[in-house]
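Along the sequence shown, the residues carry numbers beginning at 1. Both counts, for ligands and for their atoms, begin at 1 and track the order of listing. Below, each value reflects all heavy atoms present in this structure, side chains not excepted, and no hydrogens, waters or symmetry copies.
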Amino acid sequence: MRCRKCGERAVINMRHHKLALCGEHYVEWFAAQTERAIEKYAMFSREERVLVAVSGGKDSLALWDVLLRLGYQADGLYIALGINAPIPYSDVSLEKAQKFVANGNWRVTKEDALPAPRPTLHVVDIAATYGKTIPEIARAKMRGQGRPCAACGLTKRYVMNRLALEQGYAVLATGHNLDDEIAVLFQNTLHWQMGYLARQAPVLPASREGLVKKVKPLCRFYERETATYALVRGIDYIYDECPHATGNLTNFYKTLLNQLETESPGAKLSFYLEFLRARDEGAFEAFNRTEELHACEVCGQPTSAPGRCAFCRMWDVSR
Ligand code: AMP
Ligand code: FES
Ligand code: ZN
Ligand code: ZN
């Protein structure tokens with residue numbers, strides 16, 4: 001397979017776009033597509049400060065890299081969850097994020113462009129801040145039942161929102177790719193979760209005070225595409241996924257959707273884009289209820305629960 005632009009050997013063939021590209025032209029294409037998504041969905045401008053939630057995996061590091069190379073003011077936030085058994089998942093992923101900042105490959109190399117300023121990596125260590133690792137709090141709260149993922153998700157969302165607000169970032173960006181988005185979409189559709197469908201979007205505006213705007217600039221890229229970008233750019237990332245995620249429902253849906261894609265190239269992308277079109281046309285509007293929110297009596301973050309927010313209750317934070 002040859003690159004459509006220059007005829008060199010292609011590193012990727014994207015059947016759904018009928019496009020094969022070499023490394024150099026692929027990186028260029030990926031950046032241009034990211035920029036288009038940022039503009040199309042009015043995610044943020046070059047004057048705004050963006051906080052990228054980095055997990056040390058391919059998607060979020062690819063996102064940070066491409067944003068810096070496009071000249072956006074992007075800092076990183078790594079949340080140390082303390083998941084280090086049976087593999088040192090959290091420790092290794094922190095190392096990857098730190099290495100990304102230290103090696104400076106994200107610097108713009110084109111002669112006409114200014115070098116990007118060195119980005120900051122904020123690190124929030126959950127055990128050091130709240131007294132327990134994620135597996136520990138999950139065990140304490142769930143008496144050893146089930147996976148720690150729910151406790152983890154709640155904690156990550158809380159910490160991301162809070163740090164972004166406290167540090168004055170205009171938006172929070174996550175590395176969700178198309179495969180992540182359609183796995184959730186599939187699940188929400190299977191159960192006709194209209195409220196969730198109404199809120200699933202590339203951009204969630206800061207609808208209330210205390211909630212930061214959230215964006216997913218890579219939501220139209222297949223997982224294979226973000227992986228190829230990371231590879232071509234020489235980004236060192238953690239290959240393992242969280243040990244608690246193996247065999248979960250999301251991965252099962254991803255496998256199903258990949259089978260569909262093999263039979264019908266482009267099916268994954270059109271499932272997502274047609275959903276967004278229906279959403280834009282107001283298909284889920286009636287379900288976009290704005291909940292009554294008030295400030296948590298302990299931490300002040302917005303919550304629908306009376307008194308303490310779900311985070312403060314789970315972590316037993318009190319005044
Ligand atoms: P996941 O929920 O693990 O699929 O991750 C989705 C996105 O959340 C990633 O692309 C990152 O942007 C962000 N994220 C996941 N884990 C972390 C973490 N430990 N610290 C900061 N951001 C994270
Ligand atoms: Fe949170 Fe796996 S990343 S439990
Ligand atoms: Zn080429
Ligand atoms: Zn609270």
With the criterion set at N/O pairs under 3.5 Å, what does the list of contacts between the protein and ligand 1 look like, atom names and distances included?
from, atom 1, to, atom 2, distance (Å)
ligand 1, 10 (O), G175, N, 3.0
ligand 1, 12 (O), A53, O, 2.5
ligand 1, 12 (O), G175, N, 2.9
ligand 1, 19 (N), I79, O, 2.9
ligand 1, 20 (N), V54, O, 3.3
ligand 1, 20 (N), I79, N, 2.9

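- Checked by atom type, the side-chain pair K268/N258 shows a donor-acceptor distance below 3.5 Å.
- Remark: the backbone N or O of G23 is not paired with any side-chain donor or acceptor of R9 at under 3.5 angstrom.
- D59 and Y237 share no side-chain donor-acceptor pair at under 3.5 Å.
- Side-chain N or O atoms of N84 include one that pairs as donor or acceptor with a backbone N or O of D91 at under 3.5 Å.
- With hydrogens and angles ignored, the 3.5 Å screen pairs no side-chain donor or acceptor of Q200 with any backbone N or O of L197.
- Within 6.0 Å of NZ on K132 lie no more than 12 heavy atoms contributed by other residues, nucleotides or ligands.
- Taking the ring centre of F284 as origin, the terminal cationic atom of R279 falls outside the region bounded by 6.0 Å and 45° from the ring axis.
- A side-chain donor from one of S93 and Y78 sits under 3.5 Å from a side-chain acceptor of the other.
- Near the Zn ion (ligand 4), less than 2.8 Å away, sit the protein N, O or S atoms C296 SG, C299 SG, C309 SG, C312 SG.
- No more than 12 heavy atoms of other residues, nucleotides or ligands lie within 6.0 Å of CD in E209, so this atom counts as exposed by the packing criterion.
- Residues near V184 contribute nothing to a hydrophobic cluster around it, because no ILVMFWY side-chain heavy atom sits closer than 4.5 Å to its side chain.
- Other residues, nucleotides and ligands place no more than 12 heavy atoms under 6.0 Å from the CD atom of E285.
- Between the side chain of W64 and the backbone N or O of V52 there is no donor-acceptor pair closer than 3.5 Å.
- Any protein N/O/S atom under 2.8 Å from the Zn ion (ligand 3) was counted, giving 4 altogether.
- Under a hydrophobic-cluster definition in which Ile, Leu, Val, Met, Phe, Trp and Tyr are linked whenever side-chain heavy atoms come within less than 4.5 Å, directly or via other members, L94 and W106 are assigned to the same cluster.
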